[in-house]
Structure formats: C-alpha cells, structure tokens
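Contents: one structure, followed by commentary.
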Amino acid sequence: MKTCLVTGGLGFIGTNFIKYIAANRKDIAIINVDSVTYAANPCNIDEKTMTGYKFYKLDIANNDELGNVFNENNIDYVVNFAAESHVDRSIMNPAIFVRTNIEGTLNLLKLSLEHKIEKFLQISTDEVYGSLGKDGLFTEMTPLSPRSPYSASKASADMLVMSFFHTYGMPVLTTRCSNNYGQYQFPEKLIPLTIINALTGKEIPLYGDGKNIRDWIYVDDHVRGVLDVLEKGRFGEVYNIGGRSEMQNIDIITLILKKLNKPLSLIKYVKDRAGHDRRYAMDFSKITKELRFNPQLNLNDGLDLTISWYLKNEDWWKKIISGDYRHYYKTMYEMR
Ligand code: NAD
Ligand code: DAU
C-alpha cells in the first residue's frame with residue numbers, strides 16, 4: 001500500500017485523478033489537501049467510496065498547517081495539482097498566482113524533502129513553452145518562454161522542482177499537459193463555458209479572431225498519463241502529455257453548438273485576451289516511447305461524453321452559476 005498526498009484534489013483534474021485511483025487502484029490511499037477556492041467543489045469526492053481517504057482543508061503555502069499533514073501521515077508520493085489555473089484571472093490579479101503556484105510549490109518541496117518522500121510529481125502545463133506559430137510542436141527540450149502571469153508562475157514552479165533534483169537529489173518528476181476537458185471542469189474554461197452558455201441561451205464570448213489553436217485532451221487520458229509517470233517515470237525528467245487534437249477555438253465552439261443543436265448566432269466575437277498565445281501543440285513521443293502512453297479518446301467522442309455529463313449533472317453547474325460562486329462564473333469579458 002502506498003500513501004499519496006494529492007494537492008488540489010477538489011478541482012477539475014485532481015478530482016478526476018482521485019476518482020480514477022478510487023476506481024482502479026485499491027493499493028493507493030489518498031490524502032487530499034485543498035484550500036477550497038472558487039474552483040473547488042467539496043461534493044466532488046464521495047469519501048465513503050474510498051479506503052484510507054483523508055481530506056485537509058488548507059493552503060499549500062502555509063508551512064505549519066501543511067507540516068502537520070506530513071507529521072501525521074506516512075506519505076510515499078506527492079502529486080501537486082493545486083494551483084490558480086485560469087489565465088484570464090492571472091492577468092487581473094497575478095499576486096495569488098505567485099503565492100499558490102510558486103510559494104505553495106516551494107513549501108511542498110521543502111516539506112517533501114524534509115520527510116524524505118519517495119516521489120514528487122509536479123503537474124505542469126504546455127503553456128510554460130510559450131506560443132507556437134503555424135508549424136512545429138513543443139518538445140521537452142523547447143526553452144521555457146511563458147507569456148502570461150499564470151504560465152510564468154508555473155514555469156517558476158517547474159524550475160524550483162528541477163532545482164530540488166539537482167541540488168538535493170530529490171526524486172522529482174514533472175508532467176506538462178495540453179488543454180484538458182471533461183467532467184467537473186469549472187465553467188470559466190472554454191469548453192464548459194460554451195456548453196453551459198449554450199444550454200442557458202447566453203452569448204459565448206470568442207476572443208480575438210477566434211483562430212487560436214489548442215491541443216485538447218480528455219481529462220481521463222491526462223490522469224492515466226500522470227499515473228504512468230508517477231509509477232514508471234525517470235527522476236529529474238519532464239514528460240509532455242498531449243491529445244493529438246489541435247483545433248481552432250471557433251471550430252470547437254461551432255462543433256459544440258451543432259452537437260447541442262443550438263444556433264451559431266450565440267457566438268460573440270469580443271476583444272482579445274491580452275498576450276493571447278496563438279497556438280499550442282505537443283510532441284509527446286517521449287512518454288509514448290518510454291512509458292507506452294497514448295491518449296485513448298478522440299476529441300469528438302470526448303466532447304460527446306463531456307456534453308452528456310453536463311446535461312446529466314445540471315445540479316453541479318447550476319449551483320455555480322446561480323449560487324455563491326456566480327461572480328466567479330461570470331466570463332472574463334463581462335468582468336473587463
Ligand atoms: P482547478 O482550478 O480546477 O483546480 C485547482 C484546485 O487547487 C482547486 O481545487 C483549488 O481549491 C486548489 N487550490 C488552489 N490554490 C490552493 C492552495 N493555495 N492550497 C491548496 N489548494 C489550492 O485546476 P485544474 O484545471 O484542475 O488544474 C490542476 C493542475 O493542472 C494545475 O496545476 C494546472 O496548472 C495544471 N494543468 C491544467 C490544465 C487544464 O487544461 N486545466 C492543463 C495542464 C496542466
Ligand atoms: O494549455 C494548458 C492550459 O489550458 C492550462 O495550463 C490552464 O490551466 C487552462 O486554463 C488552459 O488554459 P487556456 O487559456 O488555453 O484555456 P481557456 O479555456 O481559458 O481558453 C482556451 C482558448 O479559448 C484560449 O485560446 C482562449 C479562448 N477563450 C477562452 C474563454 C474562457 C475564448 O475565446 N473565450 C472564452 O470565453
């Protein structure tokens with residue numbers, strides 16, 4: 001039995017990771033540390049279905065509180081999902097991104113080193129590589145060139161993680177993944193925002209000329225890649241994870257509207273995001289070759305699953321758009 005400390009386990013990807021472990025791996029006990037920001041949902045995890053599950057509500061940047069978690073438990077693995085994750089919010093308020101994504105990661109690294117944990121996995125993003133032109137792919141050797149406060153904070157954290165490997169010989173691993181979509185994603189991100197606005201008859205804000213490209217991956221595929229790296233990855237290495245599904249924003253919104261049988265007139269072209277990265281695309285041949293990882297779901301099938309989840313789970317998102325979190329759901333365009 002291994003004990004895995006997961007941070008940010010009430011957010012989108014962390015929730016899906018914990019559910020995957022609960023369903024497939026009885027040999028891994030989860031300790032979930034989450035400060036429960038607007039992006040978290042305590043109802044996501046049903047504790048009764050999980051053996052050895054523990055939850056701590058705390059900020060990963062708080063040394064004393066996080067230190068108690070390490071003192072109270074024998075932790076083997078740490079997987080750091082906790083982050084401020086939305087680019088638009090980082091443009092409006094960068095300070096919290098520095099606090100959580102950089103100081104929080106440093107705190108977690110220091111405690112993990114002190115407690116001699118077996119493995120530390122940092123969940124990073126393709127955005128640390130910057131922006132691509134029409135051609136080319138990001139590889140693990142692409143120089144870091146973050147362009148938003150969010151990606152700058154993630155790149156800083158990646159460098160701190162790598163510094164703990166070189167300086168202290170700490171057993172660290174890093175994954176960098178492309179844009180995730182799927183169940184439990186907070187509706188500030190493009191795909192759930194499009195689905196929910198379409199279902200509620202609200203306009204869908206499309207930034208700039210709508211031709212920015214993202215490489216989409218279904219969240220369950222990302223989660224499997226994370227577990228592969230945690231169990232089989234080489235220390236000190238970075239592993240790209242991608243979906244092999246590049247698409248322009250206008251095309252993905254159009255596809256969703258067609259699937260929902262809603263009018264394209266809901267699309268509203270709005271002022272562009274400041275510093276908007278043009279294109280992301282991943283070369284993830286390293287994880288494929290070394291760890292035999294490949295995404296299993298194509299974008300069309302993944303979108304069908306995602307749309308049907310949001311249709312079946314109206315309670316989940318209606319609480320967000322009409323409850324305490326409604327001002328967080330407001331699109332960045334409305335907040336500008
Ligand atoms: P999310 O915003 O849905 O969830 C983040 C979680 O972290 C929330 O539950 C929140 O409460 C928690 N959190 C925030 N600050 C905290 C703090 N100081 N202490 C403890 N918990 C805190 O994010 P997500 O989309 O699930 O992303 C998870 C990770 O994956 C992030 O590190 C992100 O950078 C990375 N990532 C995301 C994507 C994507 O497309 N969403 C792609 C690649 C990488
Ligand atoms: O690439 C990985 C990253 O993907 C993660 O590291 C981030 O945590 C995650 O938020 C995501 O970042 P993006 O900025 O790419 O995702 P977002 O859903 O915000 O935007 C996707 C694209 O859609 C982007 O080109 C901006 C555009 N967009 C977004 C929103 C919210 C719109 O045109 N309209 C919108 O309302």
Side-chain angles (χ1 to χ4, degrees), residues 6-17 32-42 44 56-62 65-66 79-91 96-97 99-101 103-105 107-108 122-129 131 138 146 148 150-151 153-154 157-158 175-182 184-194 197 203-217 219 222-223 226 241-243 247-250 252-253 267-270 272-273 276-282 328 331-334:
V6 170
T7 69
L10 294 181
F12 166 46
I13 307 173
T15 288
N16 282 289
F17 181 77
N32 183 3
V33 165
D34 196 302
S35 62
V36 194
T37 69
Y38 76 93
N41 190 333
N44 287 357
Y56 293 86
K57 182 178 176 200
L58 60 87
D59 176 354
I60 55 165
N62 183 319
E65 288 186 5
L66 190 61
V79 184
N80 185 25
F81 289 99
E84 287 294 333
S85 67
H86 197 44
V87 174
D88 291 313
R89 289 184 195 282
S90 80
I91 296 166
I96 183 70
F97 286 72
R99 164 85 180 168
T100 291
N101 300 0
E103 291 175 29
T105 302
N107 198 29
L108 202 54
Q122 174 68 2
I123 305 298
S124 185
T125 165
D126 58 0
E127 298 202 11
V128 296
Y129 297 124
S131 182
F138 296 131
S148 72
Y150 163 70
S151 52
S153 69
K154 292 296 290 185
D158 285 14
T175 54
R176 294 190 180 131
C177 190
S178 59
N179 283 62
N180 285 222
Y181 67 97
Y184 300 101
Q185 188 167 29
F186 193 85
E188 64 188 349
K189 307 280 164 51
L190 183 68
I191 289 184
L193 180 85
T194 300
N197 281 17
E203 282 172 339
I204 297 153
L206 178 57
Y207 297 169
D209 67 1
K211 292 185 176 165
N212 298 66
I213 292 175
R214 296 294 182 263
D215 169 14
W216 295 97
I217 181 169
V219 64
H222 181 193
V223 157
V226 167
I241 303 177
M247 201 177 265
Q248 288 187 347
N249 295 334
I250 177 68
I252 201 149
I253 294 176
I267 300 172
K268 182 178 181 192
Y269 281 87
V270 299
D272 208 355
R273 172 186 279 174
H276 196 175
D277 288 341
R278 191 63 175 170
R279 175 173 165 256
Y280 304 145
M282 292 296 253
Y328 290 108
T331 63
M332 292 302 134
Y333 178 67
E334 289 169 294

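In this chain, numbering begins with 1 at the start of the sequence shown. Just follow the structure's listing: the first ligand is 1, and inside any ligand the first atom is 1. Note that the structure is a prediction, hence the values are computed from the model and not measured.
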> Donor-acceptor pair, N44 side chain versus T15 backbone, under 3.5 Å?
Replying inline: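 Side chain of N44 to backbone of T15: no pair is present.
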Number the atoms of ligand 2 from 1 as they appear, then name those within less than 4.0 Å of a heavy atom of [X], with their elements.
X    : result
K189 : 10 (O), 18 (O)
V87  : 14 (O)
L206 : 33 (O)
H86  : 19 (O)

Numbering as shown, the atoms of ligand 1 that approach [X] to under 4.0 Å (heavy-atom distance):
X    : value
S124 : 43 (C), 44 (C)
A39  : 2 (O)
S85  : 1 (P), 2 (O), 23 (O)
A40  : 9 (O), 11 (O)
K154 : 31 (C), 32 (O), 33 (C), 34 (O)
D59  : 17 (C), 18 (N), 19 (N)
V36  : 11 (O)
N179 : 40 (O)

Given [options], identify the one with the heavy atom nearest to [atom].
atom                    : options          : value
atom 1 (O) of ligand 2  : D126, V270, L193 : D126
atom 5 (C) of ligand 1  : A157, A61, A83   : A83
atom 18 (O) of ligand 2 : L190, T125, N180 : L190
atom 20 (C) of ligand 1 : P42, S35, G9     : S35

Going by heavy atoms, is [X] under 4.0 Å from ligand 1?
X    : answer
D34  : yes
S178 : yes
Y150 : yes
F186 : no

Side chain proximity check, [X] to [Y], heavy atoms < 4.5 angstrom:
X    : Y    : answer
Y129 : R176 : yes
P205 : N197 : yes
Y207 : V270 : yes
S153 : T100 : no
D277 : N212 : no
I60  : N107 : no

From [X] atom [atom1] to [Y] atom [atom2], the distance as rounded to the nearest 0.5 Å:
X    : Y    : atom1 : atom2 : answer
S178 : M282 : OG    : CE    : 5.5 Å
D215 : F138 : CG    : CZ    : 10.0 Å
Y269 : L206 : OH    : CG    : 5.0 Å
Q122 : F81  : CD    : CZ    : 10.5 Å
R279 : R214 : CZ    : CZ    : 11.0 Å
N249 : I204 : CG    : CD1   : 12.0 Å

> So is R214 polar-close to ligand 2, meaning N/O to N/O under 3.5 Å?
Replying inline: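 It does: an N or O of R214 is found under 3.5 Å from an N or O of ligand 2.
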> Where do Y38 and R89 land on the side-chain hydrogen bond (donor to acceptor under 3.5 Å, both in side chains) test, with the steps shown first?
Replying inline: CA-CA 12 Å; Y38 76 93; R89 289 184 195 282; 3.1 Å; yes
Are any of the N/O atoms on [X], whether in the backbone or the side chain, positioned under 3.5 angstrom from an N/O atom of ligand 1?
X    : answer
A82  : no
F81  : yes
T37  : yes
I13  : yes
Q185 : no
N80  : no

Please list the nearest protein heavy atom to [atom] with its residue and the distance rounded to 0.1 Å.
atom                    : value
atom 40 (O) of ligand 1 : N180 N, 2.9 Å
atom 19 (O) of ligand 2 : R273 NH2, 2.9 Å
atom 27 (C) of ligand 2 : N249 ND2, 3.4 Å
atom 8 (O) of ligand 2  : S85 O, 2.7 Å
atom 34 (N) of ligand 2 : P205 O, 2.7 Å
atom 26 (C) of ligand 2 : H276 NE2, 3.3 Å
atom 29 (C) of ligand 2 : Y207 CE1, 3.6 Å
atom 35 (C) of ligand 1 : I123 CG2, 3.9 Å
atom 5 (C) of ligand 2  : Y150 OH, 3.6 Å

Using a 4.0 Å heavy-atom cut-off, say whether [X] meets ligand 1 through its side chain, its backbone, both or neither.
X    : answer
W216 : neither
L58  : backbone
R176 : neither
N101 : neither

>> Below 4.0 Å from ligand 2: does a non-hydrogen atom of E188 turn up there or not?
In response: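 Right, E188 reaches ligand 2.
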>> With side-chain hydrogen bond (donor to acceptor under 3.5 Å, both in side chains) as the test, pick out the partner of S124 among T105, N101, T175, D158.
In response: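 So, applying the side-chain hydrogen bond (donor to acceptor under 3.5 Å, both in side chains) to S124 and each of T105, N101, T175, D158, only D158 qualifies.
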> For ligand 2, is any non-hydrogen atom under 4.0 Å from E127's backbone (N, CA, C, O), its side chain (CB onward), both, or neither?
Replying inline: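 Near ligand 2, E127 shows its side chain, while the N, CA, C and O stay back.
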> Is N179 touching ligand 2 with its side chain, its backbone, both, or neither, if touching means heavy atoms under 4.0 Å apart?
Replying inline: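 Both backbone and side chain.
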> Is D126 paired with K154 through a side-chain N to carboxylate O contact shorter than 4.0 Å?
Replying inline: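 Answer for the salt bridge query: no.
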> Between the side chains of N80 and T7, is a donor N or O closer than 3.5 angstrom to an acceptor N or O?
Replying inline: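 The criterion, which ignores hydrogens and geometry beyond distance, is satisfied for T7 and N80.
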